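Keep in mind it's a predicted model, so treat the numbers as computed, not measured. We number each residue from 1, following the sequence as shown.
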Amino acid sequence: MCIFCKIVKGEIPNQTILEDENFLAFNDINPTRKIHVLIIPKEHYDSFDVIPPKIMSGMTEFIQKVASKLNVKESGYRLITNIGNDGGQEVHHLHFHLIGGEPVGRLVRDRQDM
């Protein structure tokens, strides 16, 4: 069983930000910014590539509620999901990182910076 499934089952504690019957948002244990929240479906889906669009639409609404609760809708935030090994996915349970609360910087470098 993956670590996020254990969190959903209550086997591993978390700092819950928002929860409903289908989704859970909680603080990342290794935050990269002032606000760094992980948002997951409670049901296990390996990645964005396999989640049914109908469930993803519900997740979109949930993520928007999380952003409102964290008061970052106006100032802005970054929403990231990694897909597969080349995409940097470390936990194979769909999750989004919502980061903000301060400037997050550029996501990628220009080619000339490489």
Side-chain angles (χ1 to χ4, degrees):
M1 180 182 304
C2 82
I3 190 167
F4 291 162
C5 288
K6 289 179 181 181
I7 289 171
V8 168
K9 289 184 180 264
E11 296 173 11
I12 297 174
N14 73 87
Q15 294 178 337
T16 299
I17 301 299
L18 190 65
E19 181 175 14
D20 69 14
E21 62 278 356
N22 298 310
F23 306 104
L24 175 65
F26 55 94
N27 285 320
D28 192 300
I29 61 170
N30 239 347
T32 62
R33 295 292 187 276
K34 195 180 290 186
I35 293 172
H36 188 163
V37 173
L38 299 177
I39 304 165
I40 65 171
K42 289 183 173 179
E43 188 172 338
H44 183 94
Y45 297 97
D46 284 346
S47 76
F48 180 79
D49 282 342
V50 298
I51 191 167
K54 188 172 186 176
I55 294 173
M56 192 61 226
S57 69
M59 191 166 191
T60 298
E61 185 177 340
F62 183 79
I63 290 169
Q64 291 169 346
K65 288 178 184 175
V66 172
S68 290
K69 181 165 185 172
L70 295 170
N71 296 312
V72 295
K73 280 189 113 170
E74 286 193 31
S75 61
Y77 57 96
R78 180 169 291 153
L79 189 63
I80 302 168
T81 189
N82 301 315
I83 302 163
N85 294 331
D86 284 354
Q89 187 176 4
E90 294 177 9
V91 177
H92 292 273
H93 182 127
L94 173 64
H95 60 286
F96 285 85
H97 297 257
L98 186 153
I99 60 174
E102 63 184 314
V104 298
R106 293 175 57 183
L107 180 60
V108 295
R109 298 178 294 197
D110 289 334
R111 274 195 154 319
Q112 64 205 24
D113 294 338
M114 296 173 77

Undergrad: Tabulate below the donor-acceptor pairs under 3.5 Å that side-chain atoms of residues 3-13 make, not counting sequence neighbours, or state none.
TA:
none

Undergrad: Could you work out, with side-chain hydrogen bond (donor to acceptor under 3.5 Å, both in side chains) as the rule, every residue matching Thr32, not counting sequence neighbours?
TA: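 side-chain hydrogen bond (donor to acceptor under 3.5 Å, both in side chains) list for Thr32, sorted by chain: His36.
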
Undergrad: Supply the atom-to-atom distance Met56 CE to Leu94 CG, rounded to the nearest 0.5 angstrom.
TA: 6.5 Å

Undergrad: In residues 39-46, what donor-acceptor pairs under 3.5 Å come from side-chain atoms, sequence neighbours left out?
TA:
residue: Lys42; atom: NZ; partner: Glu19; partner atom: OE2; Å: 2.8
residue: Lys42; atom: NZ; partner: Asp20; partner atom: O; Å: 2.7
residue: Glu43; atom: OE1; partner: Tyr45; partner atom: OH; Å: 3.4
residue: Glu43; atom: OE2; partner: Tyr45; partner atom: OH; Å: 3.3
residue: His44; atom: ND1; partner: His93; partner atom: ND1; Å: 3.1
residue: His44; atom: NE2; partner: Asp46; partner atom: OD1; Å: 2.7
residue: His44; atom: NE2; partner: His92; partner atom: O; Å: 3.2

Undergrad: Applying the 4.5 Å side-chain criterion to the ILVMFWY set and letting contacts propagate, would Leu18 and Ile63 be lumped into a single cluster?
TA: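 They do share one cluster, since a chain of ILVMFWY contacts under 4.5 Å joins Leu18 to Ile63.
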
Undergrad: Could you tabulate the donor-acceptor pairs under 3.5 Å formed by side-chain atoms of residues 76-88, not counting sequence neighbours?
TA:
residue: Arg78; atom: NH2; partner: Gly105; partner atom: O; Å: 2.4
residue: Thr81; atom: OG1; partner: His95; partner atom: O; Å: 2.9

Undergrad: Sort and list the pairs that fulfil salt bridge (Lys or Arg N to Asp or Glu O under 4.0 Å) and have at least one residue in residues 91-100, not counting sequence neighbours.
TA: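 Every candidate salt bridge (Lys or Arg N to Asp or Glu O under 4.0 Å) pair involving residues 91-100 fails, so no pair, neighbours aside, qualifies.
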
Undergrad: Consider only side-chain heavy atoms of I, L, V, M, F, W and Y, link residues closer than 4.5 Å, and tell whether Val66 and Ile55 are in one cluster.
TA: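 Cluster IDs for Val66 and Ile55 match.
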
Undergrad: Suppose the criterion is salt bridge (Lys or Arg N to Asp or Glu O under 4.0 Å): which pairs have a residue in residues 53-76, not counting sequence neighbours?
TA: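 Qualifying pairs, neighbours excluded: Glu61-Lys65.
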
Undergrad: Under 4.5 Å between side-chain heavy atoms, counting indirect links through other Ile/Leu/Val/Met/Phe/Trp/Tyr residues: same cluster for Ile35 and Ile29 or not?
TA: no

Undergrad: Please identify each residue that fulfils ring-ring contact (aromatic ring centres under 6.0 Å, His included) with Phe23, with sequence neighbours left out.
TA: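 Residues passing ring-ring contact (aromatic ring centres under 6.0 Å, His included) with Phe23: Phe62.
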
Undergrad: Hey, does Asn14 have a side-chain heavy atom less than 4.5 Å from the side chain of Leu38?
TA: no

Undergrad: Which atoms form the tightest heavy-atom contact between Gly100 and Arg33, and what is the distance?
TA: O-CB, 3.9 Å

Undergrad: Who are the side-chain contact (heavy atoms from CB on, under 4.5 Å) partners of Asn27, not counting sequence neighbours?
TA: Gln15, Ile17, Val37

Undergrad: Following the transitive rule for hydrophobic clusters with a side-chain heavy-atom cut-off under 4.5 Å over Ile, Leu, Val, Met, Phe, Trp and Tyr, establish whether Leu98 and Ile51 coincide in one cluster.
TA: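 In one cluster with Leu98: Ile51, yes.
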
Undergrad: Treat each ILVMFWY residue as a node, draw an edge where side-chain heavy atoms are under 4.5 Å apart, and state whether Val91 and Leu24 are in one component.
TA: yes

